[in-house]
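Some notes on the structure that comes next.
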Amino acid sequence: MLGKHLPVVLPFIFLITAVTAQWLPIASAPWLQVALEYLPVALLTLGWGLSRVYQQSKLSFLLLVFAGFVSLWQWLPELTLRAGAREIILVAVSVLVLIFLWIPERMAGLSRNWQCYSILFLVVLATHLLLTLPQFGHPLTIVLPHLQPVSLAMAPMAIITAVLLMAIVSFWKQLKLTQAVGVMLALHLMLCLVFEPSLYHFQVMALLVATLVIAGLMSHSHYLAFYDALTELKNRRSLYLAINNCPEGYHLAIIDIDYFKRFNDRYGHDVGDEVLRTIAMLIRNHGLGAQAFRLGGEEFVLLFPSIKPEACGKALSQLRRRIADYPFMIRSQGDNEPHREGLTISLGLAQQFTAQESIDEVLKRADNALYRAKSQGRNRLVMDADKGKFWVVLGQ
Ligand SMILES: Nc1nc2c(ncn2[C@@H]2O[C@H](COP(=O)(O)OP(=O)(O)OP(=O)(O)O)[C@@H](O)[C@H]2O)c(=O)[nH]1
């Protein structure tokens, strides 16, 4: 049980120890100074843990922004800058914040937390670039009086740590950004190698490549284990994980395509597959604030973590109508023009009434509701309103 809380407990202990040690006799110990350099990483981990484990996205958002400021605060006072490089860093950071936070459509599909990780990462990257510019004889020279050569050595290590953190995040979120940033870093390190070949740069490069390979493998095996290959929706295993992380009182709807066997028999499995993909896309893009899964065959699930039953029923009825009105264009053999075909879905909805109720019990009740929707004529939504005692038919 403790394992679940470790991403929050460990960085929290680290932060408390590192900060309180400032007032103890060990304050000037070199290891403590090194530990303090990792404060932003600890804050990042804490923020990530809070959002993953306790769904505290607002708090973790604040923490992540704070981590960004701590990392800036750590770097800026140490720098003796020429040519206004400090201003350049600040302007660059402001522009990045603007791009990431005020033009959200540019980051379609990425969560706000992820944007913060990206910002912090780019801050570290920008700092590192400015630190290494002198290697290329650039006029923006930054002199680090007491940090050299330790900090120069630590900057790429901080980046590797950030890449590792991002790999862990993308392990859950299935994002391609890790690879993109990794390629950028690899290019940058290659430049370092070309201009200043050294064992150190070779080692950093090797570490980075190893990290990226591991991240890629993790990402791929995660995809195989948790996603459905046909529809690219999350699969049954993901559903169980998501429900385990859900607060008490979630709603769950099972969606089943009506007379799909007939459709398959008439048009063949390939066309059936295409229709499954289209319906999965309609379910995924429902905009209902729920997570979509493929349970297997022609059955899907929508999971609503927190919603009122009436709002849930209304949203699902809209989805049912949307699919019933959707023009599936099919071209049969010998047809010149595709013709329009219609399909409907039936839905069974159930709520978890008490924390003791297991996932299988809620799924069973949703399945019973679905059975009623089918037996009452299909193309409708039936809700289990009281543990199998009352059934409410919502919309046909
Ligand atoms: N093309 C395709 N068909 C699938 C897939 N998985 C399951 N099916 C088909 O889905 C059909 C399900 O049929 P049934 O369970 O009899 O249900 P139905 O014909 O939809 O009828 P009702 O559910 O009672 O309305 C079967 O013909 C399966 O072969 C798949 O991945 N691709």
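Note that ligands are numbered from 1 as they come in the structure, with each ligand's atoms numbered from 1 the same way. In what follows, every heavy atom counts, from backbone to side chain, and hydrogens, waters and symmetry copies are set aside.
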TODO: List the steps, then state whether side chain to side chain donor-acceptor pair (under 3.5 Å) holds for R320 with N379.
DONE: CA-CA 7 Å; R320 183 189 60 75; N379 188 21; 3.0 Å; yes
Handout entry: NZ/NE/NH1/NH2 to OD/OE distance under 4.0 Å, E274 and R277
Key = yes
Between Y259 and F263, does the ring centroid distance fall short of 6.0 Å? no
Residue shell for ligand 1, any heavy atom closer than 4.0 Å, reads L230, D256, I257, D258, Y259, F260, K261, N264, H269, G272, D273, L276, R294, G297, E298, K374, R378
(request) Give a yes or no on whether a salt bridge exists between R365 and E357, defined as a side-chain N under 4.0 angstrom from a carboxylate O. (result) yes
Applying side-chain hydrogen bond (donor to acceptor under 3.5 Å, both in side chains) to Y371 and not counting sequence neighbours gives none
**Item:** Short N-O contact, R321 and D325, less than 4.0 angstrom
**Value:** no
